[in-house]
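Here is the naming used below: chain letters follow the sequence lines, and residue numbers restart at 1 for every chain. No hydrogens, no waters, no symmetry mates; every other heavy atom, side chains included, goes into these values.
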Number of protein chains: 2
Amino acid sequence: MTRTSITPSGITPSGITPSDDAAPAAEGRPFSQILDRLRGAGLRPTRQRMALAKLLFDGGDRHLTAEMLHADAQSANVRVSLATVYNTLHQFHRAGLLREIVVDSQRTYFDTNMSDHHHFYFDETGELSDIPGDQVEVAALPPVPDGMAVSRVDVVVRVRPADA
Amino acid sequence: MTRTSITPSGITPSGITPSDDAAPAAEGRPFSQILDRLRGAGLRPTRQRMALAKLLFDGGDRHLTAEMLHADAQSANVRVSLATVYNTLHQFHRAGLLREIVVDSQRTYFDTNMSDHHHFYFDETGELSDIPGDQVEVAALPPVPDGMAVSRVDVVVRVRPADA
DNA sequence: CATCAGATTAAAATAATTCTAAACTTGACA
DNA sequence: TGTCAAGTTTAGAATTATTTTAATCTGATG
């Protein structure tokens, strides 16, 4: 239970409606948390960033692509262009709010789980699931080339239906 | 020294010329090795597959993209279309002659080193280098989801200039 | 050496992502 | 509160890596 996600109880799924947007936010919790998060990251809390942040961080750990988040936004009646979704994902990533996962050399996934962990990748379906950091041990890393520093170690366990 | 690559001594860089192609191949070594390799994989030894195989396997361990191999072919005066390079790389991969590496979600790399090993990835330059399998230890893999089998475990150590 | 499945190719098509330039918003300040 | 610069959003065009298409070749076999 070390996650930092925000999971309020009785708030409209996507909160922000086209008409009313400086919504009062009941006791002022979920909105201001996201707001602080954006401010803290030096990102102006715009309507679309707020909405995307809510979609991203309100639902537990998620692995998604730009297209997925865009679709999510559509279903939640949040109007954002795909370009903005791409921009926002990258900004959030640079700001340390999201992690980029490379498992498929054709699409880019982002992970809302920023803790130290690795991934299962289901080749068939293209789905991802987390492996807690403490369940994989990468021992004995070789000496890093001169003048270089490790920026990250990624472990991807590729799985497929046991069978053939 | 457990590699299986073929490194002949005094043969013209790419061997195959547009005009003469059923070349005698001196004592019949490098050609027939590649030939056997293709035949063994159930791939018809065509002019372009032979040439690409030579480029791929004659030069030690290599990490390359389709575009790179295509460029290689051009400089070696081997005429192959880019589409054929793509096809060939995938066929070789399916045939177990090449390994696909996912480190960059924008291009696909292939590795001629089929032994068990992992990679350093230089974020800045997009270059790759091998880490011998025995220099990384992935211990304590978590239980694989039901009905699934591990098809591969990839470890990528991302590095960048030590500094700022 | 005729045949044909399999291979190659140029060119068009696709998919994911980025860029562009114009049209907004936002926050700051007078 | 009105104004404005700087930062954002957006539709659509552009780019990049890769795949598909359809036509044309080529290697293996009889």
Side-chain angles (χ1 to χ4, degrees), chain A residues 16 18-22 31 34-36 38-53 55 63-71 73-74 78-95 98 100-110 126, chain B residues 16 18-23 31-32 34-36 38-53 55 63-71 73-74 78-95 98 100-110 126:
Chain A
I16 292 151
S19 42
D20 167 24
D21 104 81
F31 267 102
I34 287 184
L35 216 140
D36 292 348
L38 292 185
R39 290 240 171 82
L43 293 171
R44 253 205 239 171
T46 64
R47 213 196 293 84
Q48 19 294 72
R49 292 215 265 238
M50 290 290 280
L52 292 176
L55 288 172
H63 303 107
L64 29 68
T65 65
E67 303 270 359
M68 289 175 191
L69 179 55
H70 188 236
Q74 311 262 256
V78 173
R79 303 209 141 291
V80 233
S81 72
L82 185 55
T84 297
V85 172
Y86 273 103
N87 290 339
T88 303
L89 285 172
H90 286 132
Q91 289 154 354
F92 283 13
H93 175 233
R94 260 181 269 118
L98 287 177
E100 198 183 335
I101 311 176
V102 182
V103 274
D104 176 331
S105 46
Q106 228 52 208
R107 55 177 97 292
T108 301
Y109 284 86
F110 290 89
Chain B
I16 291 149
S19 42
D20 166 23
D21 102 82
F31 269 101
S32 55
I34 287 184
L35 216 141
D36 293 349
L38 292 185
R39 288 238 171 83
L43 294 171
R44 245 204 246 171
T46 65
R47 213 197 292 84
Q48 21 291 75
R49 292 216 265 237
M50 291 289 282
L52 291 176
L55 288 173
H63 303 106
L64 31 67
T65 64
E67 303 270 0
M68 288 175 191
L69 179 56
H70 187 236
Q74 312 262 254
V78 173
R79 299 212 144 289
V80 234
S81 71
L82 185 55
T84 296
V85 173
Y86 274 103
N87 290 338
T88 303
L89 285 172
H90 286 132
Q91 290 152 354
F92 283 13
H93 174 233
R94 260 181 267 118
L98 286 178
E100 199 182 334
I101 312 177
V102 183
V103 274
D104 176 331
S105 47
Q106 228 52 209
R107 52 178 101 292
T108 301
Y109 284 86
F110 291 88

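Between the side chains of Q91(A) and R49(A), at least one donor N or O sits under 3.5 Å from an acceptor N or O.
In this structure, the separation between CG on L89(B) and NE2 on H70(B) is 11.0 Å, given to the nearest 0.5 Å. Rounded to the nearest 0.5 angstrom, R94(A) CZ and E100(A) CD are separated by 10.5 Å. From F92(A), atom CZ reaches atom CG of L69(A) across 9.0 Å, with rounding to the nearest 0.5 Å.
Residue R79(B) contributes atom CZ, which lies 16 Å from atom P of dT8(C) at whole-angstrom precision. Atom-to-atom, CZ of R49(A) to P of dG7(D) comes out at 11 Å; the value is rounded to the nearest Å. Whole-Å rounding puts the L69(B) CG to dT8(C) P distance at 13 Å. The distance from atom CE of M68(B) to atom P of dA17(D) is 10 Å, rounded to the nearest whole Å. Atom NE2 in H93(B) sits about 12 Å away from atom P in dT19(D), given to the nearest Å. Per the geometry, CG belonging to L38(B) stands 11 Å off P belonging to dA28(D), to the nearest Å. Across the protein-nucleic acid pair, H70(B) atom NE2 and dT8(C) atom C1' stand 12 Å apart, rounded to whole Å. The CZ-C1' distance, from R94(B) to dT19(D), rounds to 12 Å in whole Å.
Each of R39(B) and R44(A) was assigned the nucleotide of DNA chain D with the nearest heavy atom; the assignment lying further toward the 5' end belongs to R44(A).
For the pair S81(B) and dT9(C), the criterion of a side-chain N or O lying under 4.0 Å from OP1 or OP2 is met. Remark: Q48(A) is not in phosphate contact with dT25(C), judged by side-chain N or O atoms under 4.0 Å from OP1 or OP2.
If you check every strand for non-hydrogen atoms under 4.0 Å, T46(B) touches sugar and phosphate atoms only.
Side-chain proximity of R47(A) to dT25(C), dT10(D), dT9(C): nearest is dT25(C). Relative to the side chain of V80(B), the nucleotides dT9(C), dT9(D), dA7(C) differ in distance, and dT9(C) lies closest.
Shown here for A73(B) and L52(B), the closest heavy-atom pair between the two residues is CB-CD2, 4.3 Å. Taking each heavy atom of H93(A) and L98(A) in turn, the nearest pair found is CD2-O, 3.2 Å.
Take H63(B) and apply the ring-ring contact (aromatic ring centres under 6.0 Å, His included) test, not counting sequence neighbours, and it matches H119(B).
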>> At under 4.0 Å between heavy atoms, how does the protein contact nucleotides 13-18 of chain C? Give one character per nucleotide, 5' to 3', with B, S or -.
In response: ---SBB
